[in-house]
Number of protein chains: 2
Amino acid sequence: MTARVLEHPPAEEIRLEEVLHALADPARLEIVRFLASSGREVPCSAIDLAVSKSTTTHHYRVLREAGVITQVYRGTAKLNGLRRADLDRLFPGLLDSVVNAVTAPRADTARASRPTP
Amino acid sequence: MTARVLEHPPAEEIRLEEVLHALADPARLEIVRFLASSGREVPCSAIDLAVSKSTTTHHYRVLREAGVITQVYRGTAKLNGLRRADLDRLFPGLLDSVVNAVTAPRADTARASRPTP
DNA sequence: TCGATAGTCCGACGTTCATCGGACTATCAT
DNA sequence: ATGATAGTCCGATGAACGTCGGACTATCGA
């Protein structure tokens, strides 16, 4: 059918509050860290999140709509990449500080086991 | 005269996600920026937020419980200060990047609107 | 003591959020 | 075509959030 094109906010419309909100979730932070460390575009399935498939889709959309990542269809997959250049220009140092931050072990213990489909 | 003491999370318990969430609100971001630029402790009333008094209290509490600010009673006032040392040690560069970020660039400079991955 | 000042606490209300299962669509390889 | 793979869309649900007014407490100065 139609080429499935995904909406991305132009760099000028990326808002700090939205970026911070997007980064303020453990699953999304994990995605961003993975993308930052891998340095390339990866499909959603490359990152094993502890949530269901629909929730995963939701988190990627939040990141894309906040301007944190790009998403491009490629075959049945969808490649996700960090918008590092845009973010580094708009908010210098932010991405690095978030990615490099050493996170303390969470007091909250039992991690929900991933639902079995 | 009960010494009204406020609970602050020890530095080891400050979690990045909570800090990001605390910073992801316009009112709270304004508070943090004010504190960062003033470089000293100021009472709540020093920052004129566009919300009610009870909402203001709420925002300061969120910041304190996330480990972003300190709050100390002094007379009828309550002095708020940035936990810059703790934050800079735990998440180097984060505070500076958030405080120095230029927010809301206008659309009149709209050139290329394609994301740069 | 009294008033003014500074902030807290307490419901309440509507919104947004993260999460899920399940049905669905799109693409590729065979 | 068929099946496998990858992700989307659609309600729904319960929790968290931002917001408010208003009554309340604590402190200070006159």
Side-chain angles (χ1 to χ4, degrees), chain A residues 1-8 15 17-32 41-66 68-81 106 108 110-117, chain B residues 1-8 15 17-32 41-66 68-81:
Chain A
M1 262 210 102
T2 41
R4 292 186 289 164
V5 174
L6 293 157
E7 291 275 323
H8 291 77
R15 284 182 42 236
E17 286 95 333
E18 270 184 43
V19 171
L20 292 174
H21 169 250
L23 297 175
D25 181 276
R28 295 195 291 259
L29 196 49
E30 190 179 339
I31 293 172
V32 169
E41 296 185 304
V42 303
C44 301
S45 54
I47 311 174
D48 195 33
L49 300 178
V51 292
S52 76
K53 219 166 42 152
S54 36
T55 304
T56 298
T57 297
H58 162 72
H59 285 312
Y60 277 98
R61 185 173 47 232
V62 170
L63 286 171
R64 172 172 47 85
E65 289 177 348
V68 178
I69 66 170
T70 58
Q71 296 194 289
V72 176
Y73 281 106
R74 175 150 163 186
T76 84
K78 194 164 74 169
L79 294 185
N80 307 278
R106 294 177 46 189
D108 158 67
R111 208 155 145 78
S113 58
R114 191 155 46 101
T116 355
Chain B
M1 59 162 181
T2 18
R4 292 186 290 162
V5 174
L6 293 157
E7 291 276 324
H8 291 76
R15 283 185 41 235
E17 287 95 333
E18 269 185 43
V19 170
L20 292 173
H21 169 250
L23 297 175
D25 180 276
R28 295 195 290 258
L29 195 50
E30 191 180 338
I31 293 172
V32 169
E41 296 185 304
V42 303
C44 301
S45 54
I47 311 175
D48 195 31
L49 301 177
V51 292
S52 77
K53 220 167 41 154
S54 37
T55 304
T56 299
T57 297
H58 163 71
H59 285 312
Y60 278 99
R61 184 172 46 234
V62 170
L63 286 171
R64 187 189 76 239
E65 291 179 344
V68 178
I69 65 170
T70 57
Q71 296 194 290
V72 177
Y73 281 107
R74 175 153 163 185
T76 84
K78 193 162 73 170
L79 295 186
N80 307 279

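In the text below, chain A, chain B and the rest are named by the order of the sequence lines, each starting its count at 1.
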Map every base of DNA chain D to its dot-bracket character, where paired means a Watson-Crick or G-U wobble contact with both distances under 3.5 Å and | marks a partner outside the strand. ||||||||||||||||||||||||||||||
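When all heavy atoms of B/Ala66 and B/Val19 are compared, the pair lying nearest together is O-CG2, 3.6 Å. Across all non-hydrogen atoms, the minimal contact from A/Glu17 to B/Asp25 is CG-C, 4.4 Å. Residues A/Asp48 and A/Glu30 share a closest heavy-atom pair of O-OE2, 3.8 Å. The two residues A/Ala27 and A/Leu49 make their nearest non-hydrogen contact at O-CD2, 3.9 Å. Of all the heavy atoms in B/Ile47 and B/Tyr60, the pair that sits closest is CD1-OH, 3.4 Å.
Taking atom CG of A/Leu6 as the reference point, atom P of D/dC9 lies 9 Å away to the nearest angstrom. Look at CD on B/Gln71: it is 17 Å from P on D/dA26, rounded to the nearest Å. Here the P atom of nucleotide C/dA6 and the CG atom of B/Leu49 are 15 Å apart, to the nearest Å. Note: CD (B/Glu18) to C1' (D/dA16) measures 13 Å, nearest angstrom. Note: CG (B/Leu63) to P (D/dC17) measures 13 Å, nearest angstrom. Rounded to whole Å, atom C1' of D/dC17 lies 12 Å from atom CZ of B/Arg61. For the pair B/Asn80 CG and C/dG7 P, the interatomic distance rounds to 8 Å; values are reported in whole Å. In this structure, B/Lys53 atom NZ and C/dC10 atom P are separated by 16 Å, rounded to whole Å.
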Could I get a table of every N or O pair under 3.5 Å where one atom is in the protein and the other is in nucleotides 17-19 of chain C?
from: C/dA18; atom 1: OP1; to: A/Arg28; atom 2: NH1; distance (Å): 3.2
from: C/dA18; atom 1: OP1; to: A/Arg28; atom 2: NH2; distance (Å): 2.7
from: C/dA18; atom 1: OP2; to: A/Arg28; atom 2: NH1; distance (Å): 3.4
from: C/dA18; atom 1: OP2; to: A/His58; atom 2: NE2; distance (Å): 3.0
from: C/dT19; atom 1: OP2; to: A/His59; atom 2: NE2; distance (Å): 2.5

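Take the nearest nucleotide of DNA chain C for B/Ser45 and for A/Gly75: the residue whose nucleotide is more 5' is B/Ser45.
Across all strands, B/Tyr60 comes closer than 4.0 Å to no nucleic acid atom at all (heavy-atom distances). If you check every strand for non-hydrogen atoms under 4.0 Å, A/Thr57 touches a base.
Closest to the side chain of B/Thr76, out of C/dT27, C/dT5, C/dG7, is C/dT5.
Considering only heavy atoms from C-beta on, B/His8 comes within 4.5 Å of B/Gln71 through its side chain. B/Arg28 places a side-chain heavy atom less than 4.5 Å from the side chain of B/His21.
For B/Ser54, the side-chain hydrogen bond (donor to acceptor under 3.5 Å, both in side chains) partners two or more places apart in sequence, or in a different chain, are B/Ser52.
In this structure, the side chain of B/Asn80 engages the main chain of B/Val42 through a donor-acceptor pair within 3.5 Å.
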